[in-house]
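Comments concern the structure below.
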Number of protein chains: 2
Amino acid sequence: MREVDLRYPTCPIRNVLARISDKWSLIVLWNLGLNEKMRYKELMLSIPDISHKMLTNTLKHLEEDHLVKREAYAEIPPRVEYSLTKTGKSLIPTIEQMIDWAQTNFEEVVK
Amino acid sequence: MREVDLRYPTCPIRNVLARISDKWSLIVLWNLGLNEKMRYKELMLSIPDISHKMLTNTLKHLEEDHLVKREAYAEIPPRVEYSLTKTGKSLIPTIEQMIDWAQTNFEEVVK
DNA sequence: CGGGATCCCTACAGATACTG
DNA sequence: CAGTATCTGTAGGGATCCCG
């Protein structure tokens, strides 16, 4: 869901959280939170089970949502660096809290 | 993704957060956090754009994940009440923090 | 009232091949 | 190196009908 919810255009869950509630966004954001700047290939290596296509899609969406900054350098071979925007960085403490909760309640939820 | 991730069986994002990263779980949890106990129909009315099937599915999954408790009474007509488990309640502050973040950064993310 | 079962369509996601 | 483009299978999700 990339469009604004027609029925609840100001609902934060539907319009903001829905955008990072997919399979890979939190994982990518989390990695970028740990590493300041990362190249495309570094992200691929950090997340071995993500496919080429999904990493590209996820990064594109996160960039559209102004959570990730993309800097491309006109070199040969090309170099592209990804980093969190200020908004993206401001989400990291909340992600950390969610991960803490997930870790604490892992057994209870998954069993 | 209801199964344990074979590659990262202990990753909290993949195995716990993935379960509530769908279209409706956070909204249902949020409503149950506000109301203590809710009947099926109350939830339907609180979330007018959820379909019958998805509310049923979402509640079933949340119950399997021990986040929601389901109490059915053998009356006619039947009465079923849903509430948060202790684990479910412990997630509410984190959801609140995420919603606060989403509200604060709404313009930046959605624009 | 609170579901379950079914049909059906679309978006997501993997695999593969190609390009500046 | 860091992407696009295409094909294809699968799962998510809506609409409808049925049931204890």
Side-chain angles (χ1 to χ4, degrees), chain A residues 1-8 13-14 17-28 31-32 35 37-65 68-83, chain B residues 1-8 13-14 17-28 31-32 35 37-65 68-83:
Chain A
M1 163 89 88
R2 238 70 207 172
E3 316 310 317
V4 173
D5 189 295
L6 293 176
R7 195 127 154 184
Y8 299 98
I13 296 184
R14 287 174 166 84
L17 299 188
R19 299 182 181 224
I20 53 173
S21 294
D22 56 66
K23 193 172 177 183
W24 300 111
S25 288
L26 284 180
I27 295 174
V28 169
N31 273 276
L32 288 174
N35 287 285
K37 276 174 190 258
M38 295 182 81
R39 301 181 62 169
Y40 183 87
K41 189 164 192 178
E42 287 184 276
L43 279 164
M44 279 293 277
L45 293 173
S46 299
I47 313 170
D49 53 340
I50 196 173
S51 73
H52 178 44
K53 175 182 173 179
M54 290 317 296
L55 180 56
T56 301
N57 279 0
T58 304
L59 286 169
K60 193 175 69 183
H61 288 146
L62 292 175
E63 193 192 357
E64 286 170 5
D65 295 343
V68 162
K69 185 170 68 174
R70 179 182 188 277
E71 293 172 289
Y73 299 90
E75 307 172 351
I76 296 178
R79 178 165 57 98
V80 181
E81 289 181 342
Y82 293 94
S83 56
Chain B
M1 161 91 87
R2 239 69 208 172
E3 317 309 317
V4 172
D5 189 295
L6 293 177
R7 194 126 156 187
Y8 298 97
I13 296 184
R14 287 174 166 84
L17 299 187
R19 299 182 182 222
I20 53 174
S21 294
D22 56 68
K23 193 172 176 182
W24 300 110
S25 288
L26 284 180
I27 294 174
V28 169
N31 275 275
L32 289 174
N35 288 285
K37 276 175 190 262
M38 294 184 81
R39 300 181 61 171
Y40 183 87
K41 190 166 193 179
E42 288 184 274
L43 279 165
M44 279 294 276
L45 293 173
S46 298
I47 313 170
D49 52 340
I50 197 172
S51 72
H52 173 47
K53 174 180 176 179
M54 289 318 296
L55 180 55
T56 301
N57 278 359
T58 304
L59 286 169
K60 193 175 69 183
H61 288 145
L62 292 175
E63 193 192 357
E64 288 171 3
D65 295 344
V68 163
K69 185 170 69 177
R70 180 183 188 276
E71 292 172 289
Y73 300 90
E75 307 172 354
I76 295 178
R79 180 166 55 99
V80 180
E81 289 181 341
Y82 293 93
S83 57

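What you are looking at is a predicted structure, and each value in this text was computed from that prediction instead of being measured. The chains referred to below are lettered A, B, ... by the order of the sequence lines, with proteins before strands, and numbering in each begins at 1.
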- Query: Got a sec, which residues hit side-chain contact (heavy atoms from CB on, under 4.5 Å) with B:Asn35, two or more places apart in sequence or on another chain?
  - Reply: B:Met38
- Rounded distance in Å - OH (B:Tyr40) to C1' (C:dG4): 10 Å
- Flag if over 12 foreign heavy atoms under 6.0 Å of CG, A:Leu6: no
- Note on the structure: Sorted by chain and residue number, the side chain to side chain donor-acceptor pair (under 3.5 Å) partners of B:Thr56 (sequence neighbours excluded) come out as B:Tyr40
- Query: What distance separates B:Leu26 CG from B:Leu62 CG, expressed to the nearest 0.5 Å?
  - Reply: 9.0 Å
- Item | DNA chain D-proximal residues of residues 43-59 of chain B, any heavy atom under 4.0 Å | B:Ser51, B:Lys53, B:Met54
- What distance separates A:Tyr82 OH from A:Glu63 CD, expressed to the nearest 0.5 Å? 7.0 Å
- Quickly work out the A:Glu63 CD to D:dA2 P distance and round it to whole Å. 15 Å
- Query: Just how far, in rounded Å, is P of D:dG12 from NZ of B:Lys60?
  - Reply: 11 Å
- The reported gap from CG in B:Leu43 to CD1 in B:Ile27 (rounded to nearest 0.5 angstrom) is 11.5 Å
- Hey, could you give me each pair passing salt bridge (charged side-chain N to carboxylate O under 4.0 Å, His left out) that has a residue in residues 43-60 of chain B? Not counting sequence neighbours. A:Arg14-B:Asp49
- Residues passing the side-chain contact (heavy atoms from CB on, under 4.5 Å) test with B:Glu81, sequence neighbours excluded, are B:Lys37, B:Arg39, B:Tyr73, B:Arg79
- Task: Send over the distance from B:Arg14 CZ to C:dA13 C1', rounded to a whole Å.
- Result: 15 Å
- Please state whether the phosphate of D:dA2, meaning OP1 or OP2, lies under 4.0 angstrom from any side-chain nitrogen or oxygen of A:Arg70. no
What nitrogen or oxygen pairs link the protein and nucleotides 18-20 of chain C at under 3.5 Å?
none

- Query: Between A:Glu75 (CD) and D:dG3 (C1'), how many Å, whole number?
  - Reply: 16 Å
- Message: Closest approach to the side chain of B:Lys23, judged atom by atom: which nucleotide of D:dC1, D:dG3, D:dG13 is it?
- Response: D:dG13
- Protein-nucleotide distance (B:Arg79, atom CZ; C:dG3, atom P), rounded to Å: 13 Å
- Task: Tell me which nucleotide among C:dC1, D:dG13, D:dG3 gets nearest to the side chain of A:Tyr82.
- Result: D:dG3
- Mind checking side chain to side chain donor-acceptor pair (under 3.5 Å) for B:Ser25 and listing every partner two or more places apart, or none if nothing turns up? B:Asp22
- Query: Can you name the residues that form a salt bridge (charged side-chain N to carboxylate O under 4.0 Å, His left out) with A:Asp65, not counting sequence neighbours?
  - Reply: A:Arg2, A:Arg19
- 5'-to-3' dot-bracket of DNA chain C (Watson-Crick, G-U; under 3.5 angstrom; crossing pairs as [ ]; | other strand): ||||||||||||||||||||
- Query: Residues in side-chain contact (heavy atoms from CB on, under 4.5 Å) with A:Ala72, at least two apart?
  - Reply: A:Arg70, A:Val80
- Who are the side-chain contact (heavy atoms from CB on, under 4.5 Å) partners of A:Pro48, not counting sequence neighbours? B:Arg7, B:Tyr8
- Query: Atom CG of B:Asp5 and atom P of C:dA13: how far apart are they, to the nearest Å?
  - Reply: 14 Å
- Query: Roughly how many Å is it from CG in B:Asp22 to C1' in D:dG14, rounded to a whole number?
  - Reply: 16 Å
- Message: Under 4.0 Å from OP1 or OP2 of C:dC1: is there any side-chain N or O of B:Arg39 that close?
- Response: no
